[in-house]
Amino acid sequence: MRVLRRAAAMVALLVGAVGIQVVQGGVAQAALPTAAVALGDSFISGEGAGAYQPVVDVSGTAQSFPGWSAANNNAYFCHRSANASLFKASFPNVQDRFNLACSGGQPTDIANASNSRPKGRSVASQLDQLRAVAQTHDIDVVLIGLGSNNSQFTFGDVATLCANRFIADAWTGWWEFWAYLGGDVPQEPCTVSDLASDAEVAAATTETTAALRQILDTLAQIDADGVHQVVLQTYTNPLPLDVVSEYREEDNRSDTRDKFRALGAERYAAGCPIHRASLAPGHVFSQNLGSLVRNSYNTLAAERPGADLRVLDVQKAFDGARLCENPGSPSGALATPVRIQESPNGNVVTSLSGWDKIRVQKAANTCVTYFQTCQEAWHPNAAGHAVLGQCLTGALAAASRTVITCARNPNGTLTIS
């Protein structure tokens, strides 16, 4: 009996020392290395943070930067950044990290190859990518950002709508609008209903919840030990509720006047080409995205009371450091400014001063035709993703809470509660 106890103790020491697991049949094998995984869309993939890594496409080929005039469905334009929040967070006991998110990702891309829908990128379903990770790793942390793009609306379309209306209003006079354009180019500020109606948000919530349920079901099937923390992150608005005073008028013209090119150029240079009247509806849109994530969480938490599932609310994580919230923008801001190219050549336009409406329209068309030339606009920059990484660190440490808020203080510190 003493010999048996001694042998058992030796096995226990061996398990602790080298990570051996005893499986059915008495066969021992080395424990898998642990992993943190990111799933979802651009706010998780690292859009805006630069240092984009090659991305494996549906054929199994790693795609590096294919050139500015390449098709936007190229896998590389998932823009998986080495500066994404996943890589900036602190994960004790996690050995490897895998960014499976994709800029423009939608709920349907979770279970289906993204290129199976219009404007999708040529990457396998995120669940298939997750299953591949699980073959070599024990998944301990899963960060998910999902819902800002869906079959009802997308963040990119919303941003483009409001920026284009401002640019058209700034460079086109009322007489040009009616005489030459036939009155078919919207120039008024965005409203809440322009961005996403209540019905569209409700439908997007249903889509997102279904996709999140698929992720949780898959994790239950493939995770080596069945133990993992899942964090659902909300979204943060890159723009303030109002611009700082120096961006409100130029040449005695505000954005409520007919044609205000100097002010338009000033706001573009600062990174916030948008009507002041559009800012409040934009924050309602952000709040609706936050409600979408929370409502999805509430549904899933009720279904799975034993799951380690939590919400990370980052809507206030950029407070005081948004574009045009302070003088000298975009310097010091945590989000990327709107930037366009006159042609898909990599030469970013930082000033529209002195441009006429024809030249502005040409550059705007480049963004439409080659969306990759401007898709970073109004996403967290590298500093912003670093802040989101700190928020994620705090969310994982908050073991007793399931809804965690990360807010930026005036001195730049974060309060996580």
Side-chain angles (χ1 to χ4, degrees), residues 8 11-40 44 84-87 89-101 105 107 109-112 124-147 208-233 293-312 389 391-404:
V11 170
L13 285 172
L14 187 60
V15 169
V18 300
I20 289 178
Q21 293 177 329
V22 178
V23 296
Q24 283 188 336
V27 179
Q29 64 179 22
L32 295 174
T34 55
V37 177
L39 301 168
I44 299 297
S85 61
L86 179 77
F87 300 107
S90 175
F91 301 133
N93 305 318
V94 170
Q95 295 163 278
D96 297 308
R97 308 178 192 212
F98 295 87
N99 186 355
L100 309 182
D109 299 344
I110 296 301
N112 303 283
S125 77
Q126 293 191 27
L127 287 184
D128 280 349
Q129 296 176 64
L130 182 65
R131 292 185 184 101
V133 172
Q135 290 179 4
T136 59
H137 287 75
D138 173 18
I139 299 170
D140 280 358
V141 176
V142 183
L143 171 64
I144 306 173
L146 200 63
T208 302
T209 303
L212 293 172
R213 187 178 289 114
Q214 291 173 317
I215 293 172
L216 296 179
D217 287 345
T218 300
L219 284 168
Q221 297 165 4
I222 66 174
D223 184 26
D225 60 6
V227 178
H228 42 261
Q229 295 176 296
V230 179
V231 179
L232 310 180
Q233 182 182 293
V293 174
R294 280 197 185 88
N295 288 336
S296 293
Y297 162 79
N298 289 336
T299 298
L300 296 170
E303 292 176 0
R304 305 157 193 258
D308 190 346
L309 184 65
R310 61 195 70 185
V311 172
L312 172 57
C391 295
L392 177 56
T393 299
L396 292 171
S400 62
R401 296 191 300 278
T402 54
V403 178
I404 300 96

Salt bridge (charged side-chain N to carboxylate O under 4.0 Å, His left out) against Asp96, all qualifying residues, sequence neighbours excluded |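 Listed in chain order: nothing, the list is empty.
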Mind checking what makes salt bridge (charged side-chain N to carboxylate O under 4.0 Å, His left out) contact with Arg310, not counting sequence neighbours?
->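 Testing Arg310 for salt bridge (charged side-chain N to carboxylate O under 4.0 Å, His left out), a comparison that skips the adjacent residues, returns Asp308.
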Taking only residues two or more places apart in sequence or in another chain, which ones pass side chain to side chain donor-acceptor pair (under 3.5 Å) with [X]?
{"X": "Asp109", "value": "Ser114, Arg117"}
{"X": "Gln129", "value": "Arg80"}
{"X": "Asp140", "value": "none"}

Do you know which two heavy atoms are closest between Leu32 and Ala134, and how far apart they sit?
-> CD1-O, 4.2 Å
Considering all heavy atoms, the nearest Leu39-Ile44 contact =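 Between these two residues, the closest heavy atoms are O-CG2, 3.8 Å.
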If the condition is side-chain contact (heavy atoms from CB on, under 4.5 Å), which residues does [X] pass it with, not counting sequence neighbours?
{"X": "Asn295", "answer": "Thr205, Ser291, Asn298"}
{"X": "Thr299", "answer": "Thr209, Arg213, Glu303"}
{"X": "Thr402", "answer": "Tyr297"}
{"X": "Ala111", "answer": "Leu127, Gln214"}

Which salt bridge (Lys or Arg N to Asp or Glu O under 4.0 Å) pairs, counting each pair once, include a residue from residues 393-402, with sequence neighbours left out?
->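 Those involving residues 393-402 do not exist here.
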Quick one: ring-ring contact (aromatic ring centres under 6.0 Å, His included) partners of Phe91, sequence neighbours excluded?
-> none
Quick one: ring-ring contact (aromatic ring centres under 6.0 Å, His included) partners of His137, sequence neighbours excluded?
->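 Scan of His137 (ring-ring contact (aromatic ring centres under 6.0 Å, His included), adjacent residues dropped) gives Phe98.
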Check whether any side-chain heavy atom of Leu392 lies under 4.5 Å from a side-chain heavy atom of Gln233, and answer yes or no.
-> no
With side chain to side chain contact (heavy atoms under 4.5 Å, CB included) as the test, would you mind laying out the steps for Val230 and Ile215 before giving the verdict?
-> CA-CA 10 Å; Val230 179; Ile215 293 172; 5.8 Å; no
